[in-house]
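What follows is one structure encoded as structure tokens, with my remarks underneath.
Residue numbers begin at 1 in each chain, while the letters A, B, ... track the order of the sequences.
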Number of protein chains: 2
Amino acid sequence: MAGNRLDLNLLHVFDTIYREGSLTRAAKALHLTQPAVSHSLSRLRDHFDDPLFTRQGNQMVPTPLARRFLESMKPGLTQIQGAVNQFHAFDPANQRKTYSLGLRDVLESTFLPPLMQRLYAYPELEIASKRIPRRDMETQLAAGKLDFAVDVLLPVSNQTSHELLRQDRLVVLAREGHPLAADALDMDGYLSARHVLVSSRAEGPGIEDFELSRLGVQRSIRLRCQHYYAACRVVEGTDMLLTMPETYAQIISERANITIMNPPADLPSVDVHLYWHTAYGQEPALIWFREQLKAIQ
Amino acid sequence: MAGNRLDLNLLHVFDTIYREGSLTRAAKALHLTQPAVSHSLSRLRDHFDDPLFTRQGNQMVPTPLARRFLESMKPGLTQIQGAVNQFHAFDPANQRKTYSLGLRDVLESTFLPPLMQRLYAYPELEIASKRIPRRDMETQLAAGKLDFAVDVLLPVSNQTSHELLRQDRLVVLAREGHPLAADALDMDGYLSARHVLVSSRAEGPGIEDFELSRLGVQRSIRLRCQHYYAACRVVEGTDMLLTMPETYAQIISERANITIMNPPADLPSVDVHLYWHTAYGQEPALIWFREQLKAIQ
DNA sequence: TTACGCGACTGAATTATTCTTATCGTTTAC
DNA sequence: GTAAACGATAAGAATAATTCAGTCGCGTAA
């Protein structure tokens, strides 16, 4: 590469050194020898006039400039790799690939265990789950910082595609031996109890409350908290009821003294959708991953 | 480059051939010889197993696959170039750079003329203005398809930065010789007339109507349309009034038989903001451009 | 139709770059 | 304290890219 323009292939090397924290390991990952990587690094150092990585103990620690640089070039590199791979089949058994997922807390517990079980056969694949604010979901997908996001139905621009992954029925949880758990739960019983509401928002009703008010009734919410797990602990120790999605309820109830009951009326289901950037979603590696996600339902 | 991984430097060549539509011109732009570019192209052809560009007459036309590929890799390439340039000063006089702006129709007329006048001294710079739906603004900024967007104040995620560019006062327009134009416009006069409302939305009041209803009055809107220019033509030919931002009103009134009046009450001003992606905005070329935009106020 | 010129392609030789092998100096861990 | 691990460096080898020279195809003009 003539001129002062940076050799783009060095970006791969830079990214790998950053990820591996070692020239030797980076060399192995790149199928090169250690001196080759060392030379590439020195070329990068010349270009940026900065050491980029300093040796501390037995790992190469990035300098602040290196951090800033990676931060701003990594999404672009991911996109380019995706664009290039678009025209070649994806081989999950041999190709290394990191998928980054946006999952809200509850979904981590319901999705990751079966997903990792399924992906265990592919040791080269790596999953990174992040919790991101809803408002940032689309921009992160568009910026290439996130491959997929899983969430309830949200309004999105047409640059973002989505697909229904799972419809989760709402069920009611009570402690084992709860007086209302003896028979099928009816509306009078449901309304006579005190309730826990789990919501990430600071105020406003839950989706089940919308349906209840449509039926002309109202329940008495005595606790509002952010996590279902905490709510279940409360339910375990009191006579309060908790209304929540069935899948996660099943998982929690396995290790808790909790009974799951059908709700006293037809409540709306929680629709869990998979989101991805329309254009980047053409990449075979991402198409393959979508299939895996759908298969674990 | 060993292995089957694509040499990333070829992407620059690909992009340039695409842009120039000719190997010879691409070679000049890249400071290479024509056969060098030809060789690079044949390497790309091997990799993609596709001609990518076919000669038609005296220009190289991209194949459908080439189009698809450019579409998906161009944003990433732009981002990477930005990330690399981040650490080197920007020289607007000699460096080639294309800025892509998201402008809504009205803003094109108010921004582009003074902007291009200011940028005329820099022949290497290129501006592309696009109209994009509001909902897509953030994702396009995040995807690197847009460098800047200019619009009224909108809710954005913290990945998008914004800055107030200009506060535009609302004024009232009437045809020259309109009976109400003889004296200063008072509220009784304003309300006695029929009004045109310009809005990109299909329904709902304008911002001036919010203020009027706060004052306990309501005006009579008889026409709702999408463009101020069309609305002015209507105003020119009738006794209807139009309330709109002053800057654009000044521009239109120069070539129309229209009088500009102060509104009969303090109306809220239209705040025009400049938006950009927080991370990419660190690039010197973009910082420089922001300065230019602010300077033309 | 033919001649001319432009622009893309090809091949061989040269040049330049990048990789590898071998070795050294540090640092870390046992 | 010693061995192992890791990154930097030097010199030679291999590879890849560039240039030069020439061919071919196509469009344009005589």
ask   = Between Lys28(B) (NZ) and dC6(C) (P), how many Å, whole number?
value = 11 Å
request  = Starting at atom CG of Leu44(A), determine the distance to atom P of dT17(C), rounded to an integer number of angstrom.
outcome  = 16 Å
query = Rounded to the Å, how far apart are Phe53(A) CZ and dA8(D) P?
reply = 11 Å
ask   = Between Phe53(B) and Phe14(B), is the ring centre distance below 6.0 Å?
value = yes
task = Figure out the CG/C1' separation between Leu52(B) and dA8(C), and round it to whole Å.
result = 15 Å
task = Quickly work out the Gln56(B) CD to dT28(D) P distance and round it to whole Å.
result = 14 Å
ask   = Does Ser38(A) have a side-chain nitrogen or oxygen under 4.0 Å from the phosphate oxygens OP1 or OP2 of dA8(D)?
value = yes
task = Would you mind reading off the distance between Gln59(A) atom CD and dT28(C) atom P, rounded to a whole angstrom?
result = 11 Å
task = Report the distance from atom CG of Leu32(B) to atom C1' of dC9(C), rounded to the nearest whole Å.
result = 17 Å
task = Give Ser42(B) one of three labels, base, sugar-phosphate or nothing, depending on what nucleic acid heavy atoms sit under 4.0 Å from its own.
result = nothing
Listed nucleotide nearest any side-chain atom of Leu23(A), set dA8(C), dT20(C), dG7(D) = dG7(D)
query = Less than 3.5 Å between a donor and an acceptor, one on the side chain of Arg55(A) and one on the base of dC6(D), is that the case here?
reply = yes
key: Phosphate OP1/OP2 of dG7(D): any Ser22(A) side-chain N/O under 4.0 Å   = yes
task = Check the distance between dA17(D)'s C1' and His31(B)'s NE2 and give it to me in whole angstrom.
result = 18 Å
note = Ranking dA22(C), dA21(D), dC19(C) by distance to the side chain of Pro35(A), first place goes to dA22(C)
query = In this structure, are over 12 heavy atoms from other groups packed under 6.0 Å from Gln117(B) atom CD?
reply = no
ask   = Can you say whether the rings of Trp288(B) and Tyr99(B) are parallel (under 30°), tilted (30 to 60°) or perpendicular (over 60°)?
value = parallel
inquiry  = Which nucleotide wins on minimum distance to the side chain of Leu41(A), given the candidates dA8(C), dA8(D), dT20(C)?
reply    = dA8(D)
request  = Between His39(B) and Gly21(B), just flag the one whose closest nucleotide in DNA chain C comes earlier from the 5' side.
outcome  = Gly21(B)
task = Examine dT19(D): is either OP1 or OP2 under 4.0 Å from a nitrogen or oxygen in the side chain of Thr33(B)? Give yes or no.
result = yes
ask   = Could you go step by step and tell me if Lys294(B) and Glu163(B) meet the salt bridge (charged side-chain N to carboxylate O under 4.0 Å, His left out) rule?
value = CA-CA 10 Å; Lys294(B) 282 193 281 181; Glu163(B) 186 178 20; 3.2 Å; yes
request  = Name the closest nucleotide to the Arg43(B) side chain, picking from dA17(D), dT20(C), dT18(C).
outcome  = dA17(D)
inquiry  = Quick check: any donor-acceptor pair below 3.5 Å linking the side-chain of Gln34(A) to the base of dA5(D)?
reply    = no
Partners meeting salt bridge (Lys or Arg N to Asp or Glu O under 4.0 Å) with Arg134(B) (sequence neighbours left out) = Asp151(B)
